[in-house]
Amino acid sequence: MAKRVYLLSEARGLSRDLLGGKGHGLAEMAAAGLPVPPAFIVTTEACRQYLKAGEVPGLWGEVRAGMAALEGLTGKRFGRGEGKAPPLLVSVRSGAPVSMPGMMDTVLNLGLTLEGVEALARATGNPRFAWDSLRRLLAMYGEVVLGEGPEVFEGMLSALKAERGVGTDAALGPEDLEELAYRYLRHLEARGTPFPLDPWAQLQGAIEAVFRSWQNPRARTYRRIYGIPEDLGTAVVVQAMVFGNLGEDSGTGVGFTRNPATGEKGLYGEYLRNAQGEDVVAGVRTPEPLERLKGYAPGLYEELLQVAERLERHFRDMQDFEFTVERGRLFLLQTRAGKRTAQAAVRIAVEMAEEGLISREEAVMRVEANALPGLLRPSVDRDQAPRPLLKGLPASPGAAVGHAAFTNEAVERFHAQGLPAVLVRPETTPEDITGMYLAKGILTARGGLTSHAAVVARGLGVPAVVGAEALRVFPGEGRALAEGVEIREGDLLTLDGGTGEVYLGAVPLVEAGGEALLEKLLSWAEPHRRLGVRANADTPEDAQRARAFGAEGIGLCRTEHMFFREDRLPWVRRLILAETPEEEALALERLFHFQKEDFKEILRAMDGLPVTVRLLDPPLHEFLPPLEALARRAEEGDEEAGRLLRRAEALKEANPMLGFRGARLLLLRPGVFRMQLRALLEAARELKEAGHDPRPEVMVPLVADPKEVERARALAEELFREYGPIPFGTMVETPRAALLAAEIAPLVDFFSFGTNDLTQMAFGLSRDDAGKFLPRYVEEGLFPFDPTERLDEKGVGRLLRMAAEEGRKANPRLKLGLCGEHGGEAGSVRFVADLLDYTSASPFRVLTARLAAAQAGLSRALKPA
Ligand code: ADP
Ligand code: MG
Ligand code: MG
């Protein structure tokens, strides 16, 4: 039978998948000679087995042997306090292969009993500490293992403080904490879930609870958001306790080897004196910056600097580490690659390469391409900003404007109405994950830069201000107070997570400036990129922006947006209403001029680069006012509305997505086709005459059969004879077009894979309705991720690959591109990097596409043949 329990010294070299990130990091640190309290690791395999079968035969024997080893290493004894040795207390910690901060559970001080308290008091000479340890264990165990709500223990603590007439926990003496521990014990007893006074029963209960915490709702939500597989399971680390709450020469802290917000090199972090474990991350007391240690504990500060240096050299990445100081002695409790903002990721990668710690290629591979849009996040326009209402810590950069929401439910309500929300909380806990995910910004009253709110917000890329101490939040009452100003639910707030400032009302924002470091990173990346990157852009502004981000043309220029503009819409409606050829011709003539001017501007913005124009795609009734509005106006005697109503009723479709649109509409109303193409060709001709270099291309949407393409091509040829030809292509966005690629390819110059529709039709779902079930599908593990966000390689990707290969075989000069939303998603870009000629992304995602395409090239180069 495979071994399932490993001491740190035995775990060296085993995989992170087996040991979990926490166990793996501890084993590495121990091997590197850093001071780590003795520990053993129960593998993820045991967890998986437990979750499947409800038990793991033979596991407890292995755990007992692990415990005996810890006793040997510490000289302490796990048990009821018999014998002379001081009691061995342990933490029972969760740790998945992929970091899921705070999502699962941990129990501290485990192994303590009523007899053990006395022994611990003797061993430390500190009875207050001993009772405090027990009452913390009872509360944590009660919550994590026995399923009691944390507020119950908090409530009993507050009640006791009120009885004793004291304001802080620190003012409670040992007898008070003893009293509290007994109250907790009695409460758990009365509840029918007594606390086990046998340490071995505690240990088994805690290990099983940690296994089960893999399945808790917030962990599931987190995995869904980050696309982490459901079947990894968590490892359990059982580690000898060290105590940061033994007095002023003790404490606990979190360090980063570089600044996680900006990437600046240097030890960075926070420390809380005379505190244990979660006190720092929980944001209960606001900790002090590590620098302050220079003043009163310079030796410790120096030691931390050396630790940071060694961690970086060992792990070759920015590390986020937890440490505890017990009576002046430093212990490391965790290390992991630190979460960082997009800015920090780029800076750290570039600087580490320049320091020689990693290669340039590694630097390119290090940066998560999907995070780059976060680099371009706006900030508050200082010139137009009023005096800030509040100032807190700048926890996650970017500015946000939204309606104040004090609960997850409130955020969800605003979100459902399409309104931006700012989540305002005293502090956040893992329970708040849904609200944090949906909110445009996060504001908390308490907590430091490493508080839960700050860490999670940076990970999600949501702007956040934390520890705004002047803020008092009353979530139950749906209000907050800031310097005497009341904030009610729904009030507009603006926050700037780059400066920590918070304003009442909506303050104008400014776009972020260019990033020199990103330029450098991209300059290292670009030589490895083969895939072309274009942009989806419908306006000259978008085209310019995309070009500034390095787009090599436009892969999708949608023309319908041009029709929706106020000056055109009446003519579009006249076109729809036209009853005679003359009426239709007049409407088309007017639209032609608008369209030509639009095309000219876009072609000019992309001078010298290809611009692929997609002819009209949506069904005509999208250009009419809603039926109800028309009916009302018709009733009021509006004749025009009456005619529109009759047309609208005639055009109405049960399923517009699969209705009279795209090629179907263009072929049966060729006037629209001719008008659009002529406008494009004439725009190009005029620009060329003025000395420009326009490169238009045209494509037809939604074809399903070669006959449609043939007919469209014939229509286009009529105009090509007059103006000269331009590249003519078709979208491949119906499964049938993909299946018939070999027949279609000889008729065109290019395919553009419209993966939005291709995904919808391959799955038989509509993106507009999928919100009702897709998130749950992902949550329940039916789908590994949302295929409307990331290209489904297995199914849609197979259609795409087949169409690409068969199309190329039938027409070796065929050019291949992708223009769905997926075109700017890093994983999807990597998938098509070897398959297509170019991808096309929304302007802000052009950088993502460039980097992802380069990463694909690099990993191909690095892969052994
Ligand atoms: P999380 O994964 O939520 O960070 P951890 O397992 O790291 O949970 O534990 C929570 C807190 O308890 C952390 O601050 C950690 O440093 C502290 N802690 C865990 N084990 C010990 C230990 N053996 N001695 C002292 N503190 C510990
Ligand atoms: Mg931790
Ligand atoms: Mg489409």
Side-chain angles (χ1 to χ4, degrees), residues 8 19-26 29-30 35-42 67 70 73-74 76 78 88-112 129 132-133 136-137 139-141 143-144 203 206-207 209-210 213-214 216 218-219 222 234-246 250-256 269-272 274-285 287 319-327 329-339 428-431 433 448 450-452 455-456 459:
L8 291 182
L19 303 177
K22 199 174 282 169
H24 185 257
L26 288 168
M29 288 198 290
V36 176
F40 63 81
I41 302 159
V42 185
M67 228 32 188
L70 295 194
L73 289 164
T74 57
K76 297 179 180 172
F78 190 74
L88 170 61
L89 304 191
V90 295
S91 56
V92 177
R93 318 173 64 188
S94 54
V98 185
S99 159
M100 297 170 51
M103 291 298 127
M104 291 173 302
D105 296 320
T106 285
V107 181
L108 303 181
N109 301 337
L110 189 130
L112 204 49
F129 157 79
D132 191 42
S133 299
R136 283 173 187 262
L137 167 64
M140 263 199 209
Y141 198 93
E143 186 189 342
V144 170
L203 184 61
I207 291 177
V210 171
S213 72
W214 174 255
N216 75 36
R218 57 176 201 254
Y222 189 90
T234 179
V236 184
V237 175
V238 176
Q239 185 164 41
M241 285 298 299
V242 287
F243 298 102
N245 51 343
L246 277 172
S250 303
T252 181
V254 177
F256 289 87
E270 289 167 335
Y271 184 69
L272 204 54
N274 198 9
Q276 185 175 52
E278 306 214 289
D279 298 351
V280 175
V281 261
V284 175
R285 267 193 279 156
Q319 296 292 299
D320 159 359
F321 60 98
E322 288 175 5
F323 64 93
T324 281
V325 180
E326 179 179 304
R327 295 194 161 141
R329 205 169 144 205
L330 175 67
F331 293 93
L332 289 168
L333 289 169
Q334 187 172 332
T335 191
R336 60 186 170 210
K339 293 235 188 274
T428 63
T429 70
E431 304 296 335
I433 182 80
T450 49
S451 65
H452 178 265
V455 172
V456 175

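Just so you know, ligand 1 is whichever comes first in the structure, and atom 1 is the first atom listed for that ligand. Counting from 1, the numbers follow the sequence of the chain as shown. Everything numeric in this text was worked out from a predicted model, so none of it was measured. Worth knowing before you read on, the calculation uses all heavy atoms, side chains too, and leaves out hydrogens, waters and symmetry mates.
Of the polar atoms of Leu108, none of the N or O atoms is found under 3.5 Å from an N or O of ligand 1, judged by distance alone.
Heavy-atom minimum distance, Val36 versus Leu8: CG1-CD1, 3.8 Å.
Computed with the Mg ion (ligand 2) at the centre, the Gln334 OE1 to Glu322 OE2 angle is 100°, stated to 10 degrees.
Within the 2.8 Å limit, Thr106 places no N, O or S atom next to the Mg ion (ligand 2).
In this structure, of Val92, Thr106, Val254, Asp105, the residue bringing a heavy atom nearest to atom 8 (O) of ligand 1 is Thr106. Of the candidates Pro38, Gly21, Ser91, Ser94, Ser91 brings a heavy atom nearest to atom 21 (C) of ligand 1. Taking each of Met241, Arg336, Arg93 in turn, the one with a heavy atom nearest to atom 19 (C) of ligand 1 proves to be Arg93.
Residue Ala240 places a heavy atom under 4.0 Å from ligand 1. Heavy-atom distances between Gln276 and ligand 1 stay at or above 4.0 Å for every pair.
Residues Phe331 and Phe323 keep their aromatic ring centres 6.0 Å or farther apart.
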Given the rule in the side-chain contact (heavy atoms from CB on, under 4.5 Å) test, do Leu88 and Leu70 qualify, once you have shown the distances and angles that lead to the verdict? CA-CA 8 Å; Leu88 170 61; Leu70 295 194; 4.0 Å; yes
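Side chain of Asn109 to main chain of Ser133: a donor-acceptor pair is present (N/O by atom type, distance under 3.5 Å, no hydrogens or angles). Side chain of Ser91 to backbone of Arg93: no donor-acceptor contact under 3.5 angstrom is found. Between the side chain of Gln334 and the main chain of Phe321, no donor-acceptor pair closer than 3.5 Å is present. In this structure, the side chain of Thr234 does not engage the main chain of Trp214 through any donor-acceptor pair within 3.5 Å.
Only the side chain of Glu322 comes within contact range of ligand 1, with a heavy atom under 4.0 Å; no backbone atom does. Contacts between Gln334 and ligand 1 below 4.0 angstrom, taking non-hydrogen atoms only, involve the side chain exclusively.
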